[in-house]
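Below, chain A is the first sequence line, B the second, and so on; all start at residue 1.
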Number of protein chains: 2
Amino acid sequence: MKKDISIVDVAEEAGVSIATVSNVINQKGRVSEKTRKKILQIIDNLGYTPNLTARNLKTRRSDLIGMVIPVMKPGRMQDNPFYWDLLAGVEEGARDRRFHIILMGIDEATETFSFVKERQLDGLIVVGTNEGSQVIERLNKLNIPIVFVDSYLASDEYYQVCLEDRYGSYCATKYLIELGHSKIAILTGEVPEDQLPNYGVLHERWLGYKDALAEAGIAYDSQMIIQLPTSLEGGYRSVDRILQLTDVTAVFSFSDVGAMGVLKRMKELGKKVPEEYSVIGFDNLFISNYTSPTLTTVAQDIVQKGKAAVTMLLDQIDGNHIPQRKVSLSVDVVERETTGPCKW
Amino acid sequence: MKKDISIVDVAEEAGVSIATVSNVINQKGRVSEKTRKKILQIIDNLGYTPNLTARNLKTRRSDLIGMVIPVMKPGRMQDNPFYWDLLAGVEEGARDRRFHIILMGIDEATETFSFVKERQLDGLIVVGTNEGSQVIERLNKLNIPIVFVDSYLASDEYYQVCLEDRYGSYCATKYLIELGHSKIAILTGEVPEDQLPNYGVLHERWLGYKDALAEAGIAYDSQMIIQLPTSLEGGYRSVDRILQLTDVTAVFSFSDVGAMGVLKRMKELGKKVPEEYSVIGFDNLFISNYTSPTLTTVAQDIVQKGKAAVTMLLDQIDGNHIPQRKVSLSVDVVERETTGPCKW
DNA sequence: TTGAAAGCGCTACCAT
DNA sequence: ATGGTAGCGCTTTCAA
């Protein structure tokens, strides 16, 4: 197997020093147009590709960012299309700026992030961690640019991309209330109520829910909180619990996948949506417009969220000015077929 | 900002040479237990992390693999949960073997794969390319371990992970035929019929469809092929075309997302599934069990596919014995609610 | 405008 | 069992 072509080969072929070759590769100027042309030509002929590993060793810049996503029980990444959309945005944004991305599923409890130093990552996008999580402290020690997505960290030192979660949740709830619903079950995810404040996104949405209730003068009832995983399965299983509650007429799932689970189980049990129960989700997955009935939901632009995060990260890395460290993307209730007037 | 701790610091602190430190890091043995312990202790104290970039420069091994996925029009990765499941499998398998993965969306027409040499990638997982594609030749030049997923390359030199596409398609079609259907429209994706042989997966499935028809003595009718994108939108749009065809009673979509699009449009037009039309998909996305009605489909284990691919790749990289270069994973018709007896 | 050379952090060979 | 050192491919300073 023949050795790779290095900068030395190019220099020899061109009869110049490697320093000069380096200068043309890196467009430093200070090379005569003539030799520049010649070297470029030779690079092309030889099919030379600079070795980023070597460059990185010297410059301490890898043009590589990490995207970390929490994994579930057996070490598998979460089965929610949300992440794919987010990743699509990040990937696209990174590609535009000639960065590459390393994707990693992490176990928050044990991850040390040693790969960040090992790989000399220039930055990190961290998805869905929370105030008080063990990872925050470890991440701080890394001392590299980080953008947190959906994480709600209190300190305004952190760069964050979030969503108008509270407002979106408020709108969803208000929307249901205006339809006449007052007993509204919520699927918050698998978190005990007293732990909610530690789960930023869920907490915000919970607050939004309470905001709307309060505004309408409806008493908050913690029985309405269903604590099951944010997943199809979780949504599915939640229905049996909801039916044990009295007079519930609407369900607000903090995720679209959860809402889809609800729809399935409702249908199995012969419960009519939206005639008997209204269901609203959160996310507006592209698939949510294709369920039957189509899902009313709080829409966010997930791909845009990924792009916003990576843009903020790369700007940070490149030392560009960043107007604000915390960005909150807007939401929008999309009215479809799973919601309707309260039956009573 | 303080400089990172290097092997030199560890060596100094321990009063040994860097060679010895290197030996303990790489578990080469030939170090006395006593010094080994000591060095390990110091590494821990100092919080030293080896610099993989430097190691890589020396060893020419990056412990990094690439996963490349074709992008759509505006440079966005395809909006199909399939890829996320596949990625989940790859990521999990890579993590188990301490490899990291770089994910890249590529434009097949222009991609040169220069990043492979630049980053010294140890291997590549290539998804959904095809015989005769421009990328094959370029990939060959790379001269690194590659595993092709869903690619159907003729030469048995290539390492490939595929599916029993033809058989799965045969089973799906046969299943419909046994229900009494004979006019079965198929959604192949956006490929002209005469180009099908160049699209491995689609071609195989097309062949399987024809196999079943032939077996049942049903004439093949190329009008039954609907050429629209493999997507929710494509499936949705296909319905209007299908309805122009005479006597069609069943639709076989080569993807679940396509089938979901069909379901939506059918419902909008008041067409009953499965009473008037049977619909069957392909993939068994986790979401397909949550549509309404739930989707009959040809099931494949996508996560397992990703794992199989990465395992084969890493075995190749590590020089392990690989029993066979081409693996075909099995499929399985999952009968749900979108299919039923032919109305006539 | 160009070149010589140091050195990034590490591994691996060869000595001791 | 341990150490000295060349060198991986590149960037960067300094000198010419």
Legend entry - Between D/dG7 (C1') and B/N56 (CG): distance, integer Å: 15 Å
Legend entry - B/R60 CZ to D/dC10 P, straight-line distance once rounded to whole Å: 10 Å
Legend entry - Under 4.0 angstrom between A/S17 side-chain N/O and C/dA4 OP1 or OP2: no
Legend entry - No-hydrogen, no-angle side-chain donor-acceptor test under 3.5 Å, B/S133 and B/E108: yes
Inset, instruction - For A/G29, answer base if it contacts any base atom (sugar-phosphate contacts may also be present), sugar-phosphate if it contacts only those atoms, and nothing otherwise; contact means non-hydrogen atoms under 4.0 Å. - result: nothing
Legend entry - d(CD, A/E118; P, C/dC8) in whole Å: 20 Å
Inset, instruction - Determine the contact category for B/R55: base if any of its heavy atoms lies under 4.0 Å from a base atom, sugar-phosphate if only primed atoms, P, OP1 or OP2 are that close, otherwise nothing. - result: sugar-phosphate
Inset, instruction - Output yes when at least one side-chain N/O atom of A/K28 is less than 4.0 Å from OP1 or OP2 of D/dT11, else no. - result: no
Legend entry - Presence of A/T59 side-chain N/O under 4.0 Å of D/dT12 phosphate oxygens OP1/OP2: no
Inset, instruction - Report the relative orientation of the aromatic rings in B/F115 and A/H100; use parallel for angles under 30°, tilted for 30 to 60°, perpendicular for over 60°. - result: perpendicular
Legend entry - Protein-nucleotide distance (B/I18, atom CD1; D/dA6, atom C1'), rounded to Å: 11 Å
Inset, instruction - Let me know the distance between CZ of B/R119 and P of D/dC10, rounded to the nearest Å. - result: 14 Å
Inset, instruction - Report yes if at least one side-chain N or O of A/T35 is closer than 4.0 Å to OP1 or OP2 of C/dT2; otherwise report no. - result: yes
Inset, instruction - Would you classify A/N26 as touching base, sugar-phosphate or nothing, given that sugar-phosphate means primed atoms plus P, OP1 and OP2, and contacts are heavy atoms under 4.0 Å? - result: sugar-phosphate
Inset, instruction - May I have the distance from A/L57 (atom CG) to D/dG9 (atom C1'), rounded to whole angstrom? - result: 9 Å
Inset, instruction - Ignoring backbone atoms, establish whether A/T20 has a side-chain N or O less than 4.0 Å from OP1 or OP2 of C/dG3. - result: yes
Inset, instruction - Tell me whether the OP1 or OP2 atom of C/dT11 has a side-chain N or O from B/S22 closer than 4.0 Å. - result: yes
Legend entry - CA sep, side-chain torsions, deciding dist, call: A/D85, A/K305, salt bridge (charged side-chain N to carboxylate O under 4.0 Å, His left out): CA-CA 9 Å; A/D85 287 1; A/K305 193 186 245 180; over 6 Å; no
Inset, instruction - Starting from the 5' end of DNA chain C, give me the residue, B/N51 or A/V16, whose nearest nucleotide shows up first. - result: A/V16
Legend entry - Rounded distance (Å) that lies between atom C1' of D/dA1 and atom CZ of B/R30: 10 Å
Inset, instruction - Please determine if B/E33 and B/R36 form a salt bridge, counting it only when a charged side-chain N lies under 4.0 Å from a carboxylate O. - result: yes
Inset, instruction - Would you mind telling me which of A/D63, A/T311, A/D318 makes a side-chain hydrogen bond (donor to acceptor under 3.5 Å, both in side chains) with A/R97? - result: A/D318
Legend entry - Nearest-nucleotide pick for A/A19, side chain only, options being C/dA5, D/dC8, C/dC10: C/dA5
Inset, instruction - Report yes if a side-chain nitrogen or oxygen of B/S32 is closer than 4.0 Å to either non-bridging phosphate oxygen (OP1 or OP2) of D/dT2; otherwise report no. - result: yes
Legend entry - Nucleotide C/dG9, atom P - distance to CD of B/E12 in whole Å: 12 Å
Legend entry - Polar side chain donor-acceptor pair, B/D315 to B/Y159, under 3.5 angstrom: no
Inset, instruction - Record whether the side chain of A/K58 comes under 3.5 Å of the base of D/dG9 through a donor-acceptor pair of N or O atoms. - result: no
Inset, instruction - Would you mind classifying the nucleic acid contact of B/I25 as base, sugar-phosphate or nothing, using non-hydrogen atoms under 4.0 angstrom? - result: nothing
